[in-house]
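Remarks on the structure that follows.
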Number of protein chains: 2
Amino acid sequence: MAATLRDVAKLAGVSFKTVSNVINDYPHVRPATREKVERAIAELGYKPNLNARSLRSGRTDTVALAVPELNLSYFAELAGMVIAAAEESGLTVVVEQTGGDRDRELALLRSPRLSMTDGLILSPLGMGQEDAGALDVPFPLVLLGERTFDWPCDHVTMRNTEAARAATEYLLDSGRRRIAVIGEHEGEVMGSARLRLRGYREALAEHGVPYDPALVVRATLWHRADGARAMHELLDRDVPFDAVFGFNDTMALGAMRVLQEAGRRVPEDVAVIGFDDLDEAAYSIPSLTTVDPGREWLARTALGTLLERIAETGPKQPPRTELADFTIVERESAPRG
Amino acid sequence: MAATLRDVAKLAGVSFKTVSNVINDYPHVRPATREKVERAIAELGYKPNLNARSLRSGRTDTVALAVPELNLSYFAELAGMVIAAAEESGLTVVVEQTGGDRDRELALLRSPRLSMTDGLILSPLGMGQEDAGALDVPFPLVLLGERTFDWPCDHVTMRNTEAARAATEYLLDSGRRRIAVIGEHEGEVMGSARLRLRGYREALAEHGVPYDPALVVRATLWHRADGARAMHELLDRDVPFDAVFGFNDTMALGAMRVLQEAGRRVPEDVAVIGFDDLDEAAYSIPSLTTVDPGREWLARTALGTLLERIAETGPKQPPRTELADFTIVERESAPRG
DNA sequence: CCGAAATTCTACAACGATGCAAAAGGGTCC
DNA sequence: GGACCCTTTTGCATCGTTGTAGAATTTCGG
């Protein structure tokens with residue numbers, strides 16, 4: 001059995017409360033006593049039982065991070081950054097996967113498992129406006145990435161609409177006029193897909209290019225296979241297009257593969273732009289022009305905001321929204337015009 | 001403040017222990033009482049405090065998973081599978097990143113953070129034989145993936161040597177004779193890199209092809225950038241080669257990109273084979289022939305083994321080694337001969 | 001209708017830590 | 001030398017749960 005405070009105390013010949021004082025850097029401990037206790041701690045290899053500490057203190061120094069799936073590189077890289085940032089603050093991260101599924105998102109928000117954490121960073125995908133009330137939770141909560149509903153809650157995200165507008169403009173500026181879009185979510189009101197589509201339409205309108213629904217392809221999940229499927233669908237529609245805007249890199253890469261299989265040259269026949277700036281975007285053939293949404297900043301800010309909330313004592317501050325800056329990363333799949 | 005057992009008890013008009021009995025499905029509770037209690041639970045939205053439960057029961061229903069980085073797709077996908085499997089058993093997973101760094105691996109093994117978990121699944125990379133003793137820990141531990149030292153400990157891995165031999169033979173069978181290798185770890189005695197290199201050499205020997213060290217390129221971490229850098233190095237060496245065996249897919253993809261930038265056609269001039277069968281391997285151009293190491297099985301088996309250890313009561317059973325089966329997935333970058 | 005055997009419920013003591021408040025120890029000053 | 005104050009140490013209650021054991025209640029055979 002692992003050593004406890006009392007074991008250390010017995011060995012050091014002091015009360016167990018003194019050992020606790022040493023561990024918690026209570027200032028009034030005589031150096032000699034401190035040393036005695038520290039020797040005993042070392043000798044027994046004592047490690048505090050964090051469960052007991054949490055029970056007593058109410059702090060767990062653990063946060064939960066819920067993403068759709070780690071299988072999506074975007075979320076894997078994001079999770080890695082959140083965990084790295086947490087590590088720096090001495091925090092542990094519990095990772096949950098929701099599959100982007102509404103019911104699993106709701107179940108998680110109600111789960112007793114969260115009683116083991118001080119707060120939650122959630123990337124919602126499946127919940128809708130009618131579920132927003134479920135966010136009225138008794139623990140700190142930060143939404144990371146676009147939300148699919150309106151609810152006053154801390155929120156760390158990026159300028160989705162502006163970024164999508166910029167990406168579209170980038171293609172327009174390079175002379176493309178028939179720009180297909182992959183990744184629309186039908187019926188969505190305010191998720192990333194909808195916001196990016198809005199940016200796309202704004203850019204078209206500004207340039208006087210008509211919006212053609214035949215160029216817009218749905219994809220609920222944003223895997224490579226979804227991008228590939230969407231591209232097959234687009235090719236089947238037999239409408240002309242000279243560019244593709246993938247709502248994430250993974251889909252864009254899946255689509256680009258199908259495009260080339262079909263004999264279209266990228267970027268000569270069709271330019272492709274993605275969204276996320278994944279590691280792999282720099283290594284595809286051709287390498288993928290994309291939007292860098294500032295993931296590192298997103299991850300750190302989400303965690304930082306959550307930690308501030310956790311530390312908060314007085315009356316609840318009003319919810320905050322933090323917006324990351326984006327940049328367009330030019331690569332081969334869509335050269336600047 | 002969240003409701004506790006006592007609050008529920010007061011509302012239901014029973015002792016708080018009866019509420020506990022209801023929650024734990026203790027059989028001798030009168031249906032009427034049970035219903036009364038359940039109504040009270042629902043009314044207060046009571047959720048058990050898992051910290052308190054853990055403190056009392058000694059079980060946390062949480063496991064730790066330590067991998068080098070989530071930024072490496074292989075580990076991200078593996079982690080996703082472990083978490084999904086854990087979820088099925090009602091377990092929570094804490095994810096830690098070691099960066100493949102020896103000191104961080106050792107620090108993790110000693111960390112009090114693990115007192116919040118029932119056991120650890122560790123993918124070691126940096127530790128060496130002299131650190132093996134650090135694995136003598138007072139909690140269940142399962143190594144996932146090759147270990148870099150000898151120590152009696154549960155171990156879930158794949159047939160690295162056989163798989164590498166098969167991959168090499170596959171290339172030899174298709175007529176290649178100058179097969180380069182990317183990802184060697186210098187000085188390593190028994191990690192994946194070393195075992196895969198051994199398989200490679202065995203296959204060469206069997207086919208009477210001489211081993212040429214000029215074809216072997218080191219890479220400590222196995223990112224895309226490392227694969228790219230290694231390929232640049234290989235090209236700089238100016239030795240002829242007609243195939244490349246990347247010790248993981250990520251590196252193979254990085255290398256393939258550089259290869260094509262340099263004007264070599266894949267697979268006509270150079271065949272490329274990887275290792276891991278990542279999602280993205282099917283979508284690169286050309287798509288990547290690779291070794292499927294049975295990740296799903298690895299993830300489930302690692303978790304299953306850990307759970308058995310956690311459930312174990314009597315004397316400690318001898319350590320087990322579980323080996324996954326592999327298959328070679330033929331794609332465009334290296335067609336069957 | 002009694003007594004024994006079941007069933008159902010409750011009281012109390014943990015688990016291992018921290019917070020609070022009071023006790024013990026040690027100087028200083030008049 | 002005693003009063004007072006600051007430093008150092010300690011004791012006790014407590015966090016919210018579960019295990020054990022025994023008390024209360026019900027059931028049931030004779």
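Values reported hereafter were calculated over all heavy atoms of this structure, with side chains retained and with hydrogens, waters and symmetry mates removed.
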**Q.** Under 3.5 Å donor-acceptor, B/Thr98 side chain and B/Glu105 backbone
**A.** no
Q.
Give me each pair satisfying side-chain hydrogen bond (donor to acceptor under 3.5 Å, both in side chains) with a member in residues 123-138 of chain B, each pair once, sequence neighbours excluded.
A. B/Arg102-B/Asp131
Q: Please name all residues satisfying ring-ring contact (aromatic ring centres under 6.0 Å, His included) with B/His155, sequence neighbours left out, ordered by chain then number.
A: none
Q: Might you point out which heavy atoms bring B/Ala76 and A/Ala76 nearest each other, and give the distance in Å?
A: CB-CB, 3.5 Å
Between N or O atoms, less than 3.5 Å apart, protein on one side and nucleotides 3-9 of chain C on the other: list the pairs.
residue, atom, partner, partner atom, Å
C/dC9, OP1, B/Thr33, OG1, 2.3
C/dC9, OP2, B/Arg30, N, 3.0

Q. Considering residues at least two apart in sequence or located in another chain, which fulfil the side chain to side chain donor-acceptor pair (under 3.5 Å) criterion with B/Asn71?
A. none
**Q.** Spacing between B/Leu5 atom CG and C/dA14 atom P, to the nearest angstrom
**A.** 19 Å
Q. Looking only at side-chain N and O atoms, does B/Ser20 come under 4.0 Å of OP1 or OP2 in D/dT17?
A. no
(Q) Rounded at 0.5 Å granularity, tell me how far CG in B/Leu114 sits from CG in B/Leu108. (A) 5.0 Å
Q) For the pair made of CD in A/Glu35 and P in D/dT8, what is the distance, rounded to whole Å? A) 16 Å
Q | A/Asp25 CG - C/dT18 C1' separation (whole Å) | A | 14 Å
Q) Just how far, in rounded Å, is C1' of D/dC12 from NZ of A/Lys17? A) 11 Å
**Q.** Side chain B/Gln97, main chain B/Leu70, donor-acceptor under 3.5 Å
**A.** yes
Q) Can you give the dot-bracket line for DNA chain C, using ( ) for pairs inside the strand, [ ] for pairs that cross earlier ones, | for pairs with another strand and . for unpaired bases, where Watson-Crick and G-U count if both distances are under 3.5 Å? A) ||||||||||||||||||||||||||||||
Q | Positions of residues 37-59 of chain B (non-hydrogen atom under 4.0 Å from DNA chain C), listed by number | A | B/Leu55, B/Arg56
Q.
Side chains of A/Glu96 and B/Thr92, heavy atoms from C-beta outward: is any pair under 4.5 Å?
A. yes
**Q.** Exercise: identify the closest heavy-atom pair between B/Leu135 and B/Phe149
**A.** CD1-CE1, 3.1 Å
Q) Got a second to check how far B/Ile121's CD1 is from B/Leu298's CG, nearest 0.5 Å? A) 11.0 Å
Q) A/Arg309 side chain to A/Asp154 main-chain N or O, any donor-acceptor pair under 3.5 Å? A) no
**Q.** Whole-Å gap separating P (C/dA17) and CG (A/Asn24)
**A.** 11 Å
